[in-house]
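Notes to accompany the following structure.
A, B, ... follow the sequence lines: proteins, then strands. Residue 1 opens every chain.
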Number of protein chains: 2
Amino acid sequence: MKLSTKGRYGVSAMYDLAVHHGQGPISLKSVALRQGISEHYLEQLMGTLRKAGYVKSVRGAQGGYTLTRQPAEITVGDIIRIMEGPTAPVDCLLADAENNKYCVRAGHCVTRGVWAKVRDSIDAVLDSITLADLAKEDKS
Amino acid sequence: MKLSTKGRYGVSAMYDLAVHHGQGPISLKSVALRQGISEHYLEQLMGTLRKAGYVKSVRGAQGGYTLTRQPAEITVGDIIRIMEGPTAPVDCLLADAENNKYCVRAGHCVTRGVWAKVRDSIDAVLDSITLADLAKEDKS
DNA sequence: ATAATTCCTATCGCATTACTCGGAAAAGCG
DNA sequence: CGCTTTTCCGAGTAATGCGATAGGAATTAT
């Protein structure tokens, strides 16, 4: 049940952008430095966030990244789901046909209900916390 | 945030033992068959559960495994923690000195509080469900 | 004795993670 | 214009863990 660095770094980076929101493009280099993340690795993660529409970028000198929405409108859950995929602890909870092969036993699977409750409680926590909440308790 | 098969199979196997609790030793073979798990792989998982004191084994013909406590006294959380390790989504939440190296930033880490809340909500769900609860809604 | 069963150690292919590397393309600045 | 800063992109890579499989030793009911 571990989170990978994708999720952790993603949230840290987005938190950093939230703290500096409204100050123009923030360079990846400065984010990486403040958050203690490998610059080159963070580059890949920001690509994911950009393609998902959560940040926009400005290339060239004095360029960088900015949030596309207000910090209060982006939850930690949004970021985790983009960086790590669905929060469901087991694949058989996923709705798409692709995964039904994993769930021939779905009809008589007693544990399935347990995992659904876990997923829901994780989502409830992650979706209740916005970047604005985190930026407010700024300890950087 | 995925659960591995260790946790899933572990819960399934323990659920199976709970359903047949009081019927003497249950062979690994029959558990594997009913739950759709590789017999040889399950063997390793049962070893972990045995060493943790949750099941006891009888060797030889007509042997097998039995729960060491009543189904109502074993929670899904117990099993998951044995099979998968701590439910903390990030290592920096672990108390032991071994992991402090990962947390030089602990003092000013805003995201840490988020992960603690996630862990607590996962634990609350998993610790609230016992094997007796699962056995009650037997769909096998 | 034999068959059934747990126990133990080792190995293995595969996927993922967490990077690193090298360079192309864009844009501000002198 | 040319230089530097910065994003963008694809490849490569070492280490790790997962989900088994393999083979056999030890134990015990029948």
Side-chain N or O of Lys6(B) versus OP1/OP2 of dC18(D): is the shortest distance under 4.0 Å?
yes
Taking the nucleotide of DNA chain C with the closest heavy atom to each, which residue, Ser38(A) or Val58(A), is nearer the 5' end?
Ser38(A)
Figure out the CG/P separation between Leu45(B) and dG19(D), and round it to whole Å.
9 Å
Ignoring the backbone of Ala61(B), work out which of dA27(C), dC19(C), dA3(C) is nearest its side chain.
dA3(C)
Measure CE/Met83(A) against P/dA18(C) and give the value in whole Å, please.
11 Å
Take atom CG of Asp91(A) and atom P of dC18(D), then tell me their distance rounded to the nearest Å.
15 Å
Of the listed nucleotides dC7(C), dA18(C), dA20(D), the one nearest the side chain of Tyr9(B)
dA20(D)
Euclidean distance, atom NZ of residue Lys2(A) to atom P of dA18(C) [Å, nearest integer]
12 Å
Taking atom types as modelled, find out whether Arg34(A) and Ser30(A) have a side-chain donor-acceptor pair closer than 3.5 angstrom.
yes
Scan Gly64(A) against the nucleic acid and name what it touches under 4.0 Å (heavy atoms): base, sugar-phosphate only, or nothing.
sugar-phosphate
Return the CG to CD distance between Asp133(B) and Glu137(B), rounded to the nearest 0.5 Å.
8.0 Å
Joint hydrophobic cluster, Ile129(B) plus Val118(B), side-chain heavy atoms closer than 4.5 Å:
yes
Glu39(A) has an atom CD; how far is it from atom P of dC8(D), in whole Å?
13 Å
Do the side-chain N or O atoms of Arg50(B) get closer than 4.0 angstrom to the phosphate oxygens (OP1, OP2) of dT6(C)?
no
Taking the minimum atom-to-atom distance to the side chain of Arg59(A), which one of dC19(C), dT7(D), dC7(C) wins?
dT7(D)
side-chain hydrogen bond (donor to acceptor under 3.5 Å, both in side chains) partners of Ser57(B), counting only residues at least two apart:
none
Between Thr5(A) and dT17(C), is there a side-chain N or O to OP1/OP2 distance below 4.0 Å?
no
Pick the closest DNA chain D nucleotide for Gln62(B) and for Glu84(B) by heavy atoms, then say which residue is nearer the 5' end.
Glu84(B)
Want to settle it: does Ser27(B) or Gln44(B) sit nearer the 5' end of DNA chain C, counting the closest nucleotide to each?
Ser27(B)
Picking from dT7(D), dA27(C), dT6(C), the nucleotide nearest the side-chain atoms of Tyr65(A) would be dT7(D)
dT5(D) C1' sits how many Å from Ile26(A) CD1, rounded?
15 Å
Nucleotide dT7(D), atom P - distance to NZ of Lys51(A) in whole Å:
15 Å
What integer distance in Å separates His40(B):NE2 from dG23(D):C1'?
8 Å
Pro71(B) and Leu67(B): which non-hydrogen atoms are nearest, and at how many Å?
CG-CD1, 4.1 Å
